[in-house]
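In this text the structure is predicted, and so the values were computed from the model without any measurement.
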Amino acid sequence: MKGKVANILKEQIARARQAAEAADAIEPRVESARYDHESGRIVIDLRNGATFMVPVSMLEGFANASPADIADIEITPSRAGLHWEKLDTDFSVPALLSGLFGSKPWMSELGKKGGSATSEAKASAARENGKKGGRPRKAS
């Protein structure tokens with residue numbers, strides 16, 4: 001029985017390694033990451049040569065963080081994630097690239113802030129919409 005279990009385990013390990021190699025070939029992997037205090041952004045350099053920046057203000061878990069704590073970024077062994085030990089915070093790089101900056105409630109809050117923003121363009125669009133009768137009523 002021990003030999004059979006060992007063989008199954010070896011097969012599972014081999015499949016996991018193949019899956020990791022396949023993912024490594026097509027998914028974004030981090031070359032380096034740093035905090036740019038001047039712009040207030042995390043700068044992520046990917047292995048494919050692309051660079052991605054995300055404002056710290058959009059990331060869940062950084063509200064009361066010091067610049068030193070934010071700058072203490074660790075790249076996960078898979079190179080697919082970022083970790084902040086002191087902040088107990090982790091982010092998947094593919095999720096960041098997709099625009100996911102935190103949990104569902106956090107993302108909802110970001111959406112509310114964006115929706116409540118005011119600008120001349122938004123005010124002008126609202127005036128034009130008002131001339132057309134405003135927003136259609138919801139069907140009950």
Side-chain angles (χ1 to χ4, degrees):
M1 188 68 173
K2 283 186 180 182
K4 187 175 183 179
V5 172
N7 286 338
I8 292 171
L9 183 59
K10 284 180 184 178
E11 289 174 19
Q12 289 175 338
I13 291 171
R15 282 196 304 270
R17 285 188 175 144
Q18 288 175 336
E21 287 175 14
D24 196 40
I26 60 170
E27 293 181 6
R29 296 292 186 241
V30 179
E31 183 68 33
S32 66
R34 65 192 177 283
Y35 174 54
D36 180 8
H37 180 67
E38 200 169 297
S39 70
R41 297 176 185 197
I42 302 295
V43 180
I44 305 165
D45 295 315
L46 302 177
R47 282 186 179 170
N48 66 6
T51 298
F52 178 72
M53 296 186 292
V54 61
V56 173
S57 62
M58 294 182 78
L59 297 173
E60 183 175 15
F62 290 84
N64 299 314
S66 70
D69 288 346
I70 298 170
D72 192 17
I73 306 170
E74 298 173 29
I75 300 169
T76 62
S78 67
R79 305 196 81 74
L82 302 176
H83 174 71
W84 286 263
E85 183 68 29
K86 290 179 185 173
L87 302 175
D88 191 27
T89 300
D90 295 273
F91 283 97
S92 155
V93 171
L96 287 174
L97 292 170
S98 297
L100 302 175
F101 306 122
S103 65
K104 192 171 184 177
W106 176 259
M107 295 301 294
S108 177
E109 190 60 33
L110 282 181
K112 287 178 189 173
K113 288 180 184 176
S116 67
T118 58
S119 69
E120 182 51 42
K122 190 173 180 181
S124 175
R127 284 190 296 273
E128 289 302 313
N129 192 34
K131 290 177 186 175
K132 298 175 187 174
R135 181 176 294 183
R137 300 210 183 271
K138 293 182 179 179
S140 34

Checklist entry - Roughly how far apart are F91 CZ and L82 CG, rounded to 0.5 Å? => result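 Between atom CZ of F91 and atom CG of L82 there are 9.0 Å.
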Checklist entry - What's the spacing between I73 CD1 and E85 CD if we round to 0.5 Å? => result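 The CD atom of E85 is 14.0 Å from CD1 of I73, to the nearest 0.5 Å.
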Atom of [X], atom of [Y] and distance for their closest heavy-atom approach:
X   : Y   : value
P94 : A80 : CD-O, 3.5 Å
T89 : G61 : OG1-O, 4.2 Å
A33 : I75 : N-CD1, 4.1 Å
V56 : Y35 : CG2-CE1, 3.5 Å

Checklist entry - Are V30 and V43 co-members of a hydrophobic cluster defined by side-chain heavy atoms under 4.5 Å apart? => result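 V43 and V30: separate clusters.
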Next on the checklist: Does any part of the side chain of L46, heavy atoms only, come nearer than 4.5 Å to the side chain of L97, both counted from C-beta?
Outcome noted: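 They are in side-chain contact.
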Next on the checklist: Measuring only between side-chain heavy atoms, which start at C-beta, is I42 closer than 4.5 Å to I70?
Outcome noted: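 Yes - at least one pair of side-chain heavy atoms lies under 4.5 Å apart.
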Next on the checklist: Tell me whether N7 at atom CG has more than 12 heavy atoms from other residues, nucleotides or ligands lying less than 6.0 Å away.
Outcome noted: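 Yes, CG of N7 has more than 12 neighbouring heavy atoms, counting only those of other groups under 6.0 Å.
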Next on the checklist: For N48, is the CG atom crowded, meaning more than 12 foreign heavy atoms sit under 6.0 Å from it?
Outcome noted: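 More than 12 heavy atoms, drawn from other residues, nucleotides or ligands, come within 6.0 Å of this atom.
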Checklist entry - Residues in side-chain contact (heavy atoms from CB on, under 4.5 Å) with D72, at least two apart? => result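 So D72 forms a side-chain contact (heavy atoms from CB on, under 4.5 Å) with K86.
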Item to check | Which residues share a ring pair (Phe, Tyr, Trp, His ring centres under 6.0 Å) with H83, sequence neighbours left out | outcome: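 Checked H83 against ring pair (Phe, Tyr, Trp, His ring centres under 6.0 Å); zero matches.
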Item to check | All salt bridge (Lys or Arg N to Asp or Glu O under 4.0 Å) counterparts of R29, not counting sequence neighbours | outcome: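 Salt bridge (Lys or Arg N to Asp or Glu O under 4.0 Å) list for R29, sorted by chain: D24, E27.
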Next on the checklist: Is the ring pair W84/F62 parallel, tilted or perpendicular, if the boundaries are 30 and 60 degrees?
Outcome noted: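 Rings of W84 and F62: perpendicular, over 60°.
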Item to check | Side-chain donor/acceptor of R47 to backbone N/O of E31, under 3.5 Å | outcome: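 No.
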Checklist entry - Is there a side-chain contact (heavy atoms from CB on, under 4.5 Å) between L96 and L59 once you walk through the steps? => result CA-CA 9 Å; L96 287 174; L59 297 173; 3.7 Å; yes
